[in-house]
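Numbering of residues begins at 1 and proceeds along the displayed sequence.
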Amino acid sequence: MKSFGLWYRMYQEKGPEHPKEGARTGADQENGHLKENGASSGKTDNTPEFSLHVNFWSLEDIKVKDCLNNKKKTKENIKNPCLDIGLKIKGYAKLGYVTFYCPFSLDAVSDLSKKLETKNNANIIFNSDCEIETKDSYTIVNISEHEETLLIFPLEQVIKNVYQVEKEESRGTQITFQFQKFYTYVKEVEKLKDLDTIYIRFRIESTALKKYFYFDSEPLNKSFESAFSGTRIIDFKVNEKRNIDEKIRAEIIVNKQEWVIFHDVHFLVMVPSSYDLVSFYKETMTCRELEEDLWDDYLGAHIDFTSGHVLAYHWKEKASSGKGCEAFACLVKVNYSRAKKETIFLYALSVVALGVLSSMLVTGLNALWPADKIWFWVFGLGGFSIAILFVIWRGKKY
């Protein structure tokens with residue numbers, strides 16, 4: 001699987017703001033920012049602190065009673081998995097920009113900043129009691145337990161082009177957040193200028209996740225032996241350089257950018273409770289059940305807990321002994337069972353078809369193959385063959 005990536009360039013008093021323009025970074029600090037003065041000497045004590053939060057929602061077998069966004073009242077499945085990315089940066093004002101790299105093509109991402117304007121959503125995302133404030137169209141989240149204040153960074157805001165999505169079909173998508181522009185504005189706002197920790201959260205919804213983030217393993221005999229079960233492999237990587245395109249890595253060097261070294265990384269996988277999950281990550285995994293109704297507004301769907309529960313599996317890695325996390329990789333194997341009505345019906349149909357064939361064989365033998373029975377055999381065997389092929393095709397699909 002390909003790796004996601006995260007890199008940055010420090011603030012500079014003069015010069016281009018966009019990574020494609022390739023200016024030099026500075027090494028001298030002035031008024032809390034870096035000033036252009038030759039090539040970068042690498043990471044210093046002034047490097048911001050990065051935390052990454054990743055949530056993978058795989059709920060295709062969970063029913064929702066009401067899609068809150070479109071007011072549907074019928075029960076249906078959440079069709080496609082999605083990936084939520086949360087990025088917390090302490091000392092963000094020192095940055096010129098940060099780039100999040102997605103190894104596949106994306107047209108856009110969904111901004112989740114509005115979700116954090118609600119106290120309930122902030123509580124469950126940060127797993128703590130939070131207080132919400134707003135100032136000049138921006139949201140401030142106060143986390144009392146950690147004595148921490150976060151400035152929420154919305155993707156759509158009053159500052160033009162504060163983030164860009166640049167995609168190349170063969171090389172993935174780069175999402176760049178322009179903190180130099182952002183800080184130039186907020187430092188003039190009394191309530192915001194002294195906040196040094198920022199939080200970004202967005203959602204990736206793309207069928208390409210199935211190729212670059214996870215895949216379903218289906219044997220050739222699935223239609224006959226394992227139509228009611230399967231295996232899903234989830235392989236999340238970030239900043240695993242050997243799994244990032246060489247041209248991307250070369251651009252990072254040429255543009256004097258730095259790979260993010262994480263203070264901590266949290267990876268969560270949400271799947272139905274009926275699934276069996278095996279982790280191949282070096283650290284201990286924790287697990288808990290998602291609370292009923294608590295996540296509905298955040299997901300935009302009312303989960304029907306009468307048809308199944310959802311478990312959240314959690315892996316984390318934190319900096320230790322002064323050494324941060326240069327990269328993170330977690331491989332997860334999920335065994336699932338599915339008993340859809342369509343699959344049961346098709347298997348029942350195959351049993352009926354076999355019974356019809358048996359009856360036809362007996363009838364044919366008793367009739368000793370008379371000529372007037374030939375069309376009976378043609379239509380009967382033809383219909384049986386079509387039924388079997390249909391069962392194989394649908395069994396593979398489900």
Side-chain angles (χ1 to χ4, degrees), residues 1-10 12 15-25 40 50 52-57 80-87 89 95-113 153-157 159-182 200-215 233-262 265 267 326-330:
M1 291 287 187
K2 295 289 187 178
S3 173
F4 293 83
L6 195 68
W7 54 83
Y8 66 91
R9 193 169 71 187
M10 299 296 283
Q12 52 191 14
E17 298 170 339
H18 196 273
K20 296 296 183 183
E21 297 175 12
R24 296 178 300 169
T25 53
S40 170
F50 292 84
L52 181 66
H53 308 143
V54 179
N55 291 18
F56 179 59
W57 298 88
N80 297 313
C82 60
L83 191 68
D84 292 353
I85 305 295
L87 182 62
I89 307 172
L95 294 167
Y97 60 80
V98 169
T99 298
F100 178 83
Y101 169 70
C102 185
F104 49 87
S105 179
L106 282 175
D107 291 320
V109 295
S110 301
D111 186 9
L112 297 177
S113 63
F153 182 97
L155 301 188
E156 300 298 334
Q157 52 178 281
I159 307 169
K160 186 179 180 181
N161 297 326
V162 74
Y163 88 106
Q164 295 91 31
V165 177
E166 297 182 2
K167 67 171 183 175
E168 295 184 27
E169 295 296 333
S170 60
R171 296 172 57 189
T173 305
Q174 296 186 33
I175 306 171
T176 302
F177 305 97
Q178 297 287 357
F179 291 126
Q180 188 165 341
K181 285 184 177 182
F182 181 72
I200 306 169
R201 195 170 185 91
F202 57 91
R203 177 170 293 166
I204 297 173
E205 298 177 273
S206 172
T207 54
L209 284 170
K210 192 167 185 178
K211 180 179 179 181
Y212 294 96
F213 186 81
Y214 74 93
F215 65 90
I233 304 298
I234 303 169
D235 190 9
F236 171 62
K237 300 185 182 78
V238 61
N239 281 5
E240 286 284 352
K241 299 178 183 62
R242 65 179 181 177
N243 297 114
I244 294 178
D245 190 280
E246 184 178 5
K247 293 180 180 178
I248 298 292
R249 289 183 276 128
E251 284 184 0
I252 292 173
I253 295 173
V254 170
N255 292 332
K256 303 295 184 180
Q257 299 160 346
E258 299 284 355
W259 293 95
V260 165
I261 294 181
F262 300 100
V265 179
F267 178 48
E326 294 185 1
F328 179 89
C330 182

For residues [X] and [Y], determine if any side-chain heavy atom of one lies less than 4.5 Å from a side-chain heavy atom of the other.
X      : Y      : answer
Val98  : Phe179 : yes
Phe177 : Phe153 : yes
Ile234 : Phe267 : yes
Leu52  : Ile85  : yes
Trp7   : Ile248 : yes
Trp57  : Asn55  : yes
Phe56  : Phe236 : no
Ile204 : Cys82  : no

- Query: What do the steps show when you test Phe104 against Tyr212 for ring-ring contact (aromatic ring centres under 6.0 Å, His included), and what is the final call?
  - Reply: CA-CA 7 Å; Phe104 49 87; Tyr212 294 96; 5.6 Å; yes
- Query: Is there a side chain to side chain contact (heavy atoms under 4.5 Å, CB included) between Ile175 and Glu166 once you walk through the steps?
  - Reply: CA-CA 6 Å; Ile175 306 171; Glu166 297 182 2; over 6 Å; no
- Message: Set out, in order, the CA-CA distance, both residues' side-chain angles and the distance that settles side chain to side chain contact (heavy atoms under 4.5 Å, CB included) for Leu83 and Phe4, then state yes or no.
- Response: CA-CA 12 Å; Leu83 191 68; Phe4 293 83; 3.8 Å; yes
Any donor-acceptor N/O pair, [X] side chain to [Y] backbone, under 3.5 Å:
X      : Y      : result
Asp111 : Leu155 : yes
Arg249 : Ile244 : yes
Asn255 : Gln257 : no
Asn239 : Leu6   : yes
Ser105 : Lys167 : no

If I take atom [atom1] from residue [X] and atom [atom2] from residue [Y], how far apart are they, to the nearest 0.5 angstrom?
X      : Y      : atom1 : atom2 : value
Phe182 : Leu95  : CZ    : CG    : 12.0 Å
Glu168 : Asp245 : CD    : CG    : 9.0 Å
Arg242 : Lys2   : CZ    : NZ    : 12.0 Å

- Query: Are Arg171 and Glu251 close enough, and set up right, to give a salt bridge (Lys or Arg N to Asp or Glu O under 4.0 Å), and what steps lead you there?
  - Reply: CA-CA 12 Å; Arg171 296 172 57 189; Glu251 284 184 0; 3.0 Å; yes
- Task: Could you tell me whether the side chains of Thr99 and Thr176 share a donor-acceptor contact shorter than 3.5 Å?
- Result: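 Result is yes, a qualifying pair exists.
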Smallest separation among heavy atoms of [X] and [Y], with atom names:
X      : Y      : result
Tyr101 : Ser3   : CE2-O, 3.6 Å
Asp84  : Arg201 : CB-NH2, 4.1 Å
Thr173 : Leu106 : OG1-N, 2.8 Å
Pro81  : Tyr214 : CG-OH, 3.3 Å
Trp259 : Tyr8   : O-CE2, 3.8 Å

- Could you check Phe328 against Phe262 for side chain to side chain contact (heavy atoms under 4.5 Å, CB included), going step by step and ending with a plain yes or no? CA-CA 9 Å; Phe328 179 89; Phe262 300 100; 5.7 Å; no
- Walk me through it: do Gln178 and Gln164 pass the test side chain to side chain contact (heavy atoms under 4.5 Å, CB included)? CA-CA 8 Å; Gln178 297 287 357; Gln164 295 91 31; 3.2 Å; yes
- May I ask you to say whether Lys237 pairs ionically with Glu240, meaning some side-chain N is under 4.0 Å from a carboxylate O?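 Looking at Glu240 together with Lys237, the answer is no, because their closest N to O distance does not fall below 4.0 Å.
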